[in-house]
Amino acid sequence: MLVDTHAHLDFEKFDRDRPAVLARAREAGVVAIVTIGVDLPSSQAAVALAEAHEAVYATVGMHPHDAKALDGEVLARLRDLGGHEKVVAVGEIGLDFYRDLSPRDVQRRAFRAQLAWAARLGKPVVIHDREAHGQIMEVLSGWAVEQGGSPLEGRLGVLHTFSGDLVMAERAIELGFYLSISGPVTYKNARRLAEVVRAVPLERLLVETDCPFLAPHPHRGKRNEPAYVHLVAERVAEIKGLPLDKVAAATTANAERLFGFEIWEGGGSSSPPPEQ
Ligand SMILES: [Zn+2]
């Protein structure tokens, strides 16, 4: 059993064959998929997918690329969606100083506003961090302190497609974050990421695809999909010198703890089996 903790199932790349993609995920042992909102329409689409498919959960939020579109009205509409029972987190939110598609001060403002909203909502956050490690940690450190004693303590969120070094990884874990590992861990040049995976406790790791992006080896460069999350888990197991079963069970339990959903042994479902 595996959970793909970060997918973009609503993206156009899946329009042609979404049901087949979901069926392949199920066959590959993927019992839950968290599909991620990046703006208002994709957050709405994520919630609709979660309503249509038992194994799919949603997050809602405004990606740093589109931070400039986060005005009061959009935030209010995202907030309305956030209360939905299958919305398990606010995200993806954060900072992207690689593409800089929104001005940096606008990104920071949107990031802080959505962190405050997540805290009020009582749901964890999914963090996007590209070439902004220092500022991400600065903002998250302050926010984490404010959450001390709240139900979110110890499960504040996840740094998705983690790309920092071991010092940052350990600091994030200390604050109460999980790290999510994706396709790049399977690439030949992933030495620093392998070092992080080896050193941090399995209890703080998640696996994801970030599909349709970042396809793991041997699919690199092609469209990614949730079924491929097993390739990420296999590489994590190899790096840590653990059986795949153990990595699968632990990362699934971690996803349940962070996102507050429960997967029963029948697999793929959000609700327990009916009582006899
Ligand atoms: Zn993403």
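No hydrogens, no waters, no symmetry mates; every other heavy atom, side chains included, goes into these values. In each ligand, atom 1 is the first atom listed, and ligand 1 is the first ligand listed.
- If you count the protein N, O or S atoms nearer to the Zn ion (ligand 1) than 2.8 Å, you get 4.
- Between H6 and H8, the ring-plane angle classifies as perpendicular under the 30° and 60° cut-offs.
- Remark: R204 is not positioned above the aromatic ring of F177, lacking an NZ or CZ atom under 6.0 angstrom from the ring centre and at most 45 degrees off the axis.
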- Item | Step-by-step side chain to side chain contact (heavy atoms under 4.5 Å, CB included) determination, R257 to Y178 | CA-CA 10 Å; R257 204 179 317 121; Y178 290 78; 2.8 Å; yes
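- Taking the six-membered ring wherever Trp is involved, the centroid distance between the rings of H219 and Y228 falls below 6.0 Å.
- Ring-centre distance between F213 and F11: below the 6.0 Å cut-off.
- With respect to E225 and R24, a salt bridge is recorded, a charged nitrogen being found less than 4.0 Å from a carboxylate O.
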